[in-house]
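Note sheet for the following structure.
Residue numbers start from 1 in every chain, and the chains themselves are labelled A, B, ... in the order their sequence lines are given, proteins ahead of strands. These numbers were taken from a predicted model, which means no experiment stands behind them.
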Amino acid sequence: MVPEADFCPPLPLSYRLSPDQHFDLDPTLSCGQVFRWHRANGIWRGTIENKPVAVRQAGPLLTYTGCSEASLVRYFALDIDLENVLLTTGDDPYLAAAIRRHRGLRIVRQDPWECLVSYLCAQNTSIPHIQRMLHNLCARTGDEIRGPAGTAHSFPDAGAVASLPLEEKKACAFGYRAGYIHRTAEAVTMDPCWDERIREMDYEDARREIMQFPGVGPKVADCILLFGFEMYESFPVDVWVRAIVQTCYGVGSPAKTLTPKEYETIRRFGRRHFGRYAGYAQEYLFADRDHLVRLKRED
DNA sequence: GCCCAGGTGTGCT
DNA sequence: AGCACACATGGG
């Protein structure tokens, strides 16, 4: 994707994590919360605030290029006291194991529009497919952006997505989601300050509001509020989280399709059981899904 | 070929 | 209100 960058340019800027500032790039960028970062030769490449960025981690030392320190700290939420956040989620053996295996995972601060489109893509498919769709969209429609970290594609704004011909959308492999993406892009073009309005609302109101976009149901809404709006009480329920909650906590039925009523049951359980940072707990459980569903098979 | 994936919208009881 | 089903695409 960024071929001329493969020769490993030096990363001149550095940021040293303090001893109690737990952070690990690998689980953070590979856990499936964000879809446009890639690692090669130990260097993660992606974009922050519409600029190409490269980051590498060696223990407490982050070296990077392409953005300011303030942008780095903000994007990776290094200002959040992760230790205290995780303390509020209670002492739960399954969550504790997940935290141990994915130590340093932080929920990054995504751009709301990119997050909205990303999770429209994310319904009923796999993470590799989501990555492919978003790469295709940006390669076709995004601007080429350059900087010290090399070149990349920007994420296209709503107007650019709305005006992308249906033929080109099909070529992005959106499948049936193309219509949702098109109509949502049109709605956002008409209402460019949607994100500022959402930011003013409490979680439940924001959720109702954001579900007005076509293709945004409970799960997609919860992901957008968690990853794009820092609403950490949000507890998205996908097939994995549903299975984990069913197996580990005995909440919900093992029925085939996840009904709205059961979604509500599991979402409420998440908030009640894990507290105001339930979304953080959810993300660790999701990251640890391979291990946690193995428990189920061994029953 | 089959089943499933960070689900949602629609239509039928 | 609740349930079943279609929906594009790709990986196992």
statement: Closest non-hydrogen atoms of Gly215(A) and Tyr180(A), given as atom of the first, atom of the second and distance, are CA-CG, 3.6 Å
query: Whole-Å distance between dA5(B) C1' and Ile130(A) CD1?
result: 8 Å
Atom pair distance, as rounded to whole Å: CZ in Phe286(A) and C1' in dG7(B): 13 Å
message: Given 3.5 Å as the limit, does a donor-acceptor pair link the side chain of Arg289(A) with the main chain of Trp240(A), or not?
response: no
statement: Under a 3.5 Å limit on both distances, the Watson-Crick or wobble mate of dC3(C) is dG11(B)
- request: Would you mind classifying the nucleic acid contact of Gly32(A) as base, sugar-phosphate or nothing, using non-hydrogen atoms under 4.0 angstrom?
  value: base
message: Could you tell me how far apart Gln212(A) (CD) and dT8(B) (P) are, to the nearest whole angstrom?
response: 14 Å
message: Between the side chains of Arg39(A) and Asp26(A), is the shortest nitrogen-to-carboxylate-oxygen separation below 4.0 Å, so that they form an ion pair?
response: yes
query: In whole angstroms, how far is the P atom of dT8(B) from the CZ atom of Arg183(A)?
result: 14 Å
- prompt: Salt-bridged, Arg101(A) to Asp288(A), with N to O below 4.0 Å?
  reply: yes
task: Assign Gln131(A) to base, sugar-phosphate, or nothing according to its heavy-atom contacts below 4.0 angstrom with the strands shown.
output: nothing
task: Name the residue closer to the 5' end of DNA chain B, choosing between Met211(A) and Ala122(A) according to the nucleotide with the nearest heavy atom.
output: Ala122(A)
Spacing of Ile127(A) atom CD1 relative to dC4(B) atom C1', expressed in whole Å: 14 Å
query: Hey, is CG on Asp91(A) packed in by over 12 heavy atoms from elsewhere, all under 6.0 Å?
result: no
task: Answer with yes or no after comparing the ring centroid distance for Phe269(A) and Tyr249(A) against a 6.0 Å cut-off, counting only values under it.
output: yes
field: Base-contact (B) and sugar-phosphate-only (S) positions in nucleotides 6-12 of chain C, heavy-atom cut-off under 4.0 Å, - elsewhere
entry: -BBBSS-
message: Does Val216(A) reach a base, just sugar-phosphate, or nothing at all? Heavy atoms under 4.0 Å.
response: sugar-phosphate
query: Please give, in whole Å, the distance from dA5(B) P to Tyr119(A) OH?
result: 17 Å
field: Criterion side chain to side chain donor-acceptor pair (under 3.5 Å) on Asp222(A) and Tyr119(A), from CA distance to verdict
entry: CA-CA 10 Å; Asp222(A) 282 333; Tyr119(A) 283 91; over 6 Å; no
task: Could you tell me the separation between the CD atom of Glu262(A) and the C1' atom of dC3(C), rounded to a whole number of Å?
output: 13 Å
field: Distance, P atom - from dT8(B) to dG11(C), rounded to whole angstrom
entry: 23 Å
message: Rounded to whole Å, please give me the gap between NZ in Lys261(A) and C1' in dA4(C).
response: 16 Å
query: With a non-hydrogen cut-off below 4.0 angstrom, is Pro260(A) in contact with a base, only sugar-phosphate, or nothing?
result: nothing
